[in-house]
Amino acid sequence: MSVKTALRVIEIIEVYAREKRPLALSELARLLAVPVSSCLALIRTLAELGYLYEVGRRNGYYPTSRLLAMAQQIAHNDPVRDRVYPSLLELREATRETVVFAKLTPDDRVVYLEVLDSPHTIRYAPVAGEFRVLHANSLGKALLSTLPAAKRHELLHRAPLIRFNDRTMVDPDVVEADIVASRQRGWFRNLGESLAEVGAIAWPLVLAGEPYAISVGAPVYRIEPNQEAYARILRAACAALEQHAI
């Protein structure tokens with residue numbers, strides 16, 4: 001029950017992030033697909049703790065700035081983020097494209113730890129905390145390249161690879177060959193293999209013995225002609241971070 005309650009609290013936060021407006025109890029319960037009575041108990045608890053407030057009678061509830069303040073305190077004291085953020089910022093300024101910092105999860109997915117958005121109106125716009133599959137993601141391929149060959153083989157052959165579109169590589173041997181070729185080329189890439197018209201290049205790095213990866217993402221029409229130039233900047237940023245970590 002405690003795990004279910006914790007999950008419900010996260011879902012409430014995500015609903016507000018998506019809806020961006022005050023929500024009446026009945027509407028919040030509908031969006032969460034839970035009984036009003038269960039939702040009421042959670043809302044009251046969050047309000048008592050200062051995370052929600054009632055906008056007005058019958059006008060619904062909305063998060064207070066306490067949630068933002070807590071999130072900022074957490075982010076500002078993340079030892080890994082604190083180390084890499086200046087380099088991610090420089091990389092974003094150098095390329096003017098979206099920069100993502102990621103690593104593998106225990107269940108072998110890519111999780112986005114930090115995202116710096118491109119200043120362009122038309123841009124790749126993921127959010128921190130998103131998950132991606134390994135085989136159709138530039139970061140996933142970069143992270144796969146850091147694993148022993150036997151482990152990589154096991155992950156790629158564990159289950160049928162998801163096909164997102166005609167560009168997705170779903171043959172494990174083809175993915176393996178692409179990883180080997182990418183390592184030799186100097187960058188890992190995804191040109192519309194998961195999201196149509198979205199591309200990215202990535203490179204791995206190791207910090208305190210843990211593998212991570214950084215990517216530069218954008219519409220394919222901007223990434224494709226700039227792969228080599230962005231890759232040089234990206235590799236230099238990764239090398240500098242690794243050198244600083246020693």
Side-chain angles (χ1 to χ4, degrees), residues 3 78-81 83-85 87-88 91 98-115 124 126-195 198-217 223 227-228 230-246:
V3 173
D78 181 334
V80 176
R81 178 190 181 277
R83 183 189 305 172
V84 305
Y85 189 82
S87 294
L88 299 179
L91 185 59
T98 298
V99 173
V100 181
F101 178 59
K103 74 172 301 186
L104 283 177
T105 65
D107 61 350
D108 302 313
R109 294 183 293 169
V110 179
V111 59
Y112 291 177
L113 302 177
E114 183 64 76
V115 175
Y124 176 44
V127 296
E130 287 187 8
F131 297 96
R132 292 287 187 270
V133 299
L134 295 170
H135 69 284
N137 181 276
S138 64
L139 290 159
K141 295 176 189 178
L143 290 165
L144 278 169
S145 75
T146 68
L147 301 176
K151 175 64 175 178
R152 188 162 64 241
H153 183 275
E154 187 269 325
L155 288 179
L156 291 174
H157 288 80
R158 179 182 296 174
L161 301 179
I162 299 171
R163 181 184 294 279
F164 295 96
N165 55 51
D166 291 342
R167 292 188 175 186
T168 310
M169 291 178 276
V170 294
D171 183 333
D173 293 333
V174 173
V175 177
E176 173 66 23
D178 182 61
I179 290 171
V180 172
S182 297
R183 190 81 197 190
Q184 295 173 345
R185 178 179 58 221
W187 67 91
F188 298 84
R189 68 185 177 193
N190 165 16
L191 297 178
E193 296 168 33
S194 52
L195 298 173
V198 174
I201 64 166
W203 196 249
L205 69 158
V206 176
L207 300 174
E210 284 289 312
Y212 295 88
I214 300 174
S215 72
V216 176
I223 280 289
Q227 292 176 79
E228 189 170 351
Y230 289 171
R232 285 196 301 269
I233 301 171
L234 179 56
R235 288 196 306 271
C238 290
L241 280 166
E242 288 182 320
Q243 182 66 29
H244 188 264
I246 294 175

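Every heavy atom of this structure was used, including side-chain atoms; hydrogens, water molecules and symmetry mates were not.
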Trainee: Could you check if a side-chain atom of S194 sits within less than 4.5 angstrom of a side-chain atom of N190, using non-hydrogen atoms only?
Mentor: yes
Trainee: Can you measure from CZ (R189) to NZ (K141) and round to the nearest 0.5 angstrom?
Mentor: 8.0 Å
Trainee: Are the side chain of N165 and the backbone N or O of G192 linked by a donor-acceptor pair below 3.5 Å?
Mentor: yes
Trainee: Please set out all donor-acceptor pairs under 3.5 angstrom arising from side-chain atoms of residues 150-157, sequence neighbours excluded.
Mentor:
unit_1	atom_1	unit_2	atom_2	d
R152	NE	E176	OE1	2.8
R152	NH1	L144	O	3.2
R152	NH1	L147	O	3.1
R152	NH2	E176	OE2	3.1
E154	OE1	R158	NH2	3.1
E154	OE2	R158	NE	3.1
E154	OE2	R158	NH2	3.2
H157	ND1	H153	O	2.9

Trainee: Side chain to side chain contact (heavy atoms under 4.5 Å, CB included) for I233 and L91? Distances and angles first, verdict last.
Mentor: CA-CA 7 Å; I233 301 171; L91 185 59; 3.5 Å; yes
Trainee: When you look at L207 and R83, which way does the side chain to side chain contact (heavy atoms under 4.5 Å, CB included) test go after all the steps?
Mentor: CA-CA 10 Å; L207 300 174; R83 183 189 305 172; 3.7 Å; yes
Trainee: Kindly compute the distance separating CD (E210) from OG1 (T146), expressed to the nearest 0.5 Å.
Mentor: 9.5 Å
Trainee: Less than 4.5 Å apart, side chain to side chain, heavy atoms only: is that true for L234 and I201?
Mentor: yes
Trainee: Would you call the rings of F188 and W203 parallel, tilted or perpendicular, taking 30° and 60° as the class edges?
Mentor: tilted
Trainee: Please determine whether side chain to side chain contact (heavy atoms under 4.5 Å, CB included) holds for the pair I214 and L241, giving the CA-CA distance in whole Å, both sets of side-chain angles, and the decisive distance to 0.1 Å.
Mentor: CA-CA 11 Å; I214 300 174; L241 280 166; 3.9 Å; yes
Trainee: Rounded to the nearest 0.5 Å, how far apart are OH of Y124 and CD1 of I223?
Mentor: 11.0 Å
Trainee: Does some side-chain heavy atom of H135 sit less than 4.5 Å from a side-chain heavy atom of I162?
Mentor: yes
Trainee: Under the side chain to side chain donor-acceptor pair (under 3.5 Å) test, which residues partner Y212, sequence neighbours left out?
Mentor: none
Trainee: Looking at side-chain heavy atoms only, is the closest gap between V111 and K103 below 4.5 Å?
Mentor: yes
Trainee: Measuring from atom CG of N137 to atom CD of E130, what distance do you get when rounded to the nearest 0.5 angstrom?
Mentor: 10.5 Å
Trainee: Working to the nearest 0.5 Å, report the span between OG of S215 and CH2 of W187.
Mentor: 15.5 Å
Trainee: Quick check against the 3.5 Å criterion: does E242 have a side-chain atom that pairs as donor or acceptor with the backbone of L205?
Mentor: no
Trainee: Under 4.5 Å between any side-chain heavy atoms of F164 and V133, yes or no?
Mentor: yes
Trainee: Looking at R81 and E114, is any side-chain nitrogen of the basic one under 4.0 Å from a carboxylate oxygen of the acidic one?
Mentor: yes
Trainee: Counting N and O atoms only, with roles assigned by atom type, does the side chain of Q184 sit under 3.5 Å from a partner on the main chain of A181, one being a donor and the other an acceptor?
Mentor: no
Trainee: Applying side chain to side chain contact (heavy atoms under 4.5 Å, CB included), run through V127 and Y112 and close with a yes or a no.
Mentor: CA-CA 7 Å; V127 296; Y112 291 177; over 6 Å; no
Trainee: Within the 4.5 Å heavy-atom criterion, are P204 and C238 side-chain neighbours or not?
Mentor: no
Trainee: Counting distance only, does the side-chain N/O of T168 pair as donor-acceptor with the main-chain N or O of E193 below 3.5 Å?
Mentor: yes
Trainee: Contact between L191 and R167 at the side-chain level, heavy atoms closer than 4.5 Å - yes or no?
Mentor: yes
Trainee: Provide the closest heavy-atom pair for L139 versus A202 in the form atom of the first, atom of the second, distance.
Mentor: N-CB, 3.8 Å
Trainee: Check salt bridge (Lys or Arg N to Asp or Glu O under 4.0 Å) between R183 and all other residues, then give those that pass, not counting sequence neighbours.
Mentor: none
Trainee: So for atom CG, which belongs to D166, do other residues, nucleotides or ligands contribute more than 12 heavy atoms lying within a distance under 6.0 Å?
Mentor: no
Trainee: Using a 4.5 Å cut-off on heavy atoms from C-beta on, say whether the side chain of Y85 contacts that of S87.
Mentor: no
Trainee: Quick one: does R235's side chain have a donor or acceptor within less than 3.5 Å of a partner on G186's backbone?
Mentor: yes
Trainee: Taking all non-hydrogen atoms of both residues into account, name the closest pair between P126 and V100 and its distance.
Mentor: CG-CG2, 4.0 Å
